[in-house]
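Along the sequence shown, residues carry numbers from 1. Keep in mind the model is a prediction, meaning the values are calculated, not measured. Atoms considered below: every heavy atom in the structure, side chains included; atoms not considered: hydrogens, waters and symmetry mates.
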Amino acid sequence: MKTFYPKDFKEEQTTVWSFKQRGNWATHSGEYRGNWSPYIPRNVILKYSKTGELVLDYFCGAGTTAVECKLLGRRCIALDINDKAIELAKKNVDFNMKVPQLSFVDEGKHLEVYEPELKVGDARDLSFLQDNSIDLICAHPPYANIIHYTNSKEGDLSFFEIEDFLKEMSKVAKESFRVLKPGRQCAILIGDTRRKKYVIPLGFKLINVYLDAGFKLRELIIKRQHNCKTTGFWYANSIKYNFLLLAHEYLPIFEKPKSPVLLSVREREIDYGLVTPTLEPPLLKEKLDKLETTTVWILPEKDFEERLNKNIIDRYSAGKNCSIVTFVSRLKNETIFSEESIEKDKQLLFIKSPFLNNSPSFANIEHYLKKVEEIVMQELPNLNGRGFVVIQTQDIRIDGYIEPLGKRIVDMLIHDNLWLKEIVIVTQEGANSKTQNPKEHLKIVHQYLLIYEVKK
């Protein structure tokens, strides 16, 4: 080992996490296929636990979380159904700590070192743990039938197809809720997958599983991937076949509520003027050198909307007829979306939602979602058989918890003629550097583009 700690480490303060280097301090390495960057558990452990508290990882793999717990003075219980993984994890945590602990953790004080407890076990059965006994859960499950971690061992979730995987993960979520202390957090890293050219929103589906178990969504973090090639062969084929390389994962931070969350009185009032859809021409940048080719778009602040519009219109309307419907903030309901403004045989319907920047109430959000669905269903007959619906939206924080509007729209728009082609994450260049002081919550700096293909 060259070092016990990452160089120049700073805690993440926004909802987009991007680690260009995977991290190779202590015994961390990328040799165990599919394991997560140690920067992720390090951030989660520092944000949501204190020294001496108990962290649980029930998909421990090679022991990344366990190593970080040992380095950061946390107790850890780590289990995996794969006995070979546990053997490797035991080797990775077996090192002597003869250097001072991180100065930014406890103001230069030495922390007590706790040896992680590693064992073969099943995340669906945590009966060896008492109710309300865990301070933090930090885990990276296998993705449904993508990478296999055993030779078809019974109970290995990496062999399950999507629906069965989610069914089994519901057992994991229920056990997680039982063992976690009230008011504490559970962090799960999950990504989407693609089947037959269309996106399966596995991340959003798993979020639903944990919400159904009783959790609230404290944060929804986007973790950017850096192993996507975007030049040469891949760029040409991205344009030719109109697909984007999956370049993001989701890190939802769930919280077990101390008591039922009640919406305040103001949340029950609807200001219809704040959710007014209006038809308008888009702002366009005249020329782009290249189109975006991955599912993470980092655009300059100066001409953010112009570049975003240009990418969408050039890729999904091919210069043909399109409509832009924008939900804007109004003092009164002076503009409505009317059927007379609709043209036949359109290539693209682009719905934008800048009013979400104004911290709308829960009631306004519900009204907005209803109007989005109405507009899409109203416009669908007027889109041609290979047209597209693109919805630009973003998450909102209400009463300390996240309303995941990207997920909610995907859950809502279930229609035989709409096929989810892409989920794109959009953020501005330098968004992370603008936040200086850590706060109770992360700053939301990402938006979604939900891209549907119309198939009739």
Side-chain angles (χ1 to χ4, degrees), residues 6 9 12-24 28-44 59 61-62 64-65 68 138-147 149 158 162 187-195 197-207 219-235 237-238 241 243-253 290-299 311 395 404 406-407 410 420-432 442 444-451:
F9 174 82
E12 297 295 314
Q13 299 173 30
T14 73
T15 56
V16 175
W17 294 6
S18 178
F19 311 116
K20 292 184 178 181
Q21 302 299 322
R22 188 193 173 279
N24 59 357
H28 296 308
S29 73
E31 294 178 4
Y32 189 81
R33 191 180 178 198
N35 63 352
W36 59 358
S37 164
Y39 282 107
I40 300 172
R42 175 166 285 255
N43 269 281
V44 171
F59 295 112
T64 305
T65 303
E68 284 304 297
C138 187
H140 180 22
Y143 297 173
N145 205 13
I146 296 177
I147 299 176
Y149 289 95
S158 67
I162 289 172
I188 304 291
L189 183 71
I190 190 71
D192 294 328
T193 186
R194 201 184 293 275
R195 296 283 192 273
K197 301 180 181 180
Y198 295 97
V199 168
I200 305 297
L202 183 60
F204 290 164
K205 289 177 180 288
L206 188 63
I207 289 173
E219 303 285 359
L220 183 45
I221 297 160
I222 303 299
K223 187 263 179 180
R224 184 187 178 194
Q225 294 176 302
H226 287 274
N227 57 349
C228 298
K229 298 179 180 179
T230 60
T231 58
F233 171 84
W234 285 110
Y235 180 83
N237 280 276
S238 172
Y241 298 108
F243 74 93
L244 301 174
L245 294 168
L246 293 175
H248 68 279
E249 296 171 291
Y250 308 92
L251 181 66
I253 309 293
K290 287 186 177 181
L291 295 177
E292 299 292 326
T293 57
T294 75
T295 58
V296 177
W297 297 3
I298 302 177
L299 305 177
N311 268 280
D395 296 329
K407 182 198 77 69
V410 169
L420 186 60
K421 186 170 181 62
E422 309 286 358
I423 298 176
V424 178
I425 305 301
V426 187
T427 188
Q428 292 183 2
E429 287 181 353
N432 284 14
L442 298 173
I444 300 173
V445 296
H446 68 278
Q447 301 177 25
Y448 303 94
L449 294 171
L450 309 175
I451 301 170

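Not a single donor-acceptor pair under 3.5 Å links the side chain of His248 to the backbone N or O of Ile222. Using modelled atom types, no side-chain atom of Thr294 and backbone atom of Ala247 make a donor-acceptor pair closer than 3.5 Å. Remark: the backbone N or O of Ser29 is not paired with any side-chain donor or acceptor of Asn24 at under 3.5 angstrom. In this structure, the side chain of Glu249 does not engage the main chain of Gln225 through any donor-acceptor pair within 3.5 Å.
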Apply side chain to side chain contact (heavy atoms under 4.5 Å, CB included) to Thr193 and Arg195, showing your working.
CA-CA 7 Å; Thr193 186; Arg195 296 283 192 273; 3.0 Å; yes
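Heavy-atom minimum distance, Gly203 versus Asp192: N-OD1, 3.0 Å. Of all the heavy atoms in Glu422 and Phe243, the pair that sits closest is OE2-CA, 3.5 Å.
Expressed to the nearest 0.5 Å, how far CZ of Phe59 lies from CD1 of Ile188 amounts to 7.0 Å. Going from atom CD of Glu292 over to atom CG of Leu299 covers 5.5 Å, rounded to the nearest 0.5 Å.
Among residues two or more places apart in sequence or in another chain, the side chain to side chain donor-acceptor pair (under 3.5 Å) test is passed with Tyr448 by Asp395, His446. Glu68 meets the side-chain contact (heavy atoms from CB on, under 4.5 Å) test with Trp25, His28, Pro38, Pro41, Arg42, Ile45, Leu71, Leu72; sequence neighbours excluded. Every residue two or more places apart in sequence or in another chain was checked for a side chain to side chain donor-acceptor pair (under 3.5 Å) with Ser37, and none qualifies. Under the side chain to side chain donor-acceptor pair (under 3.5 Å) criterion, Lys407 pairs with Asn208, Asp411, sequence neighbours left out. Remark: Thr427 engages Val16, Ile298, Ala431, Val445 in a side-chain contact (heavy atoms from CB on, under 4.5 Å) (not counting sequence neighbours). Looking at residues two or more places apart in sequence or on another chain, you find a side-chain contact (heavy atoms from CB on, under 4.5 Å) between Ala187 and Val44, Leu251, Ile253.
Put simply, the side chain of Leu246 reaches to within 4.5 Å of the side chain of Arg194, judged on heavy atoms. Contact check for Leu442 versus Trp17: side-chain heavy atoms found under the 4.5 Å cut-off.
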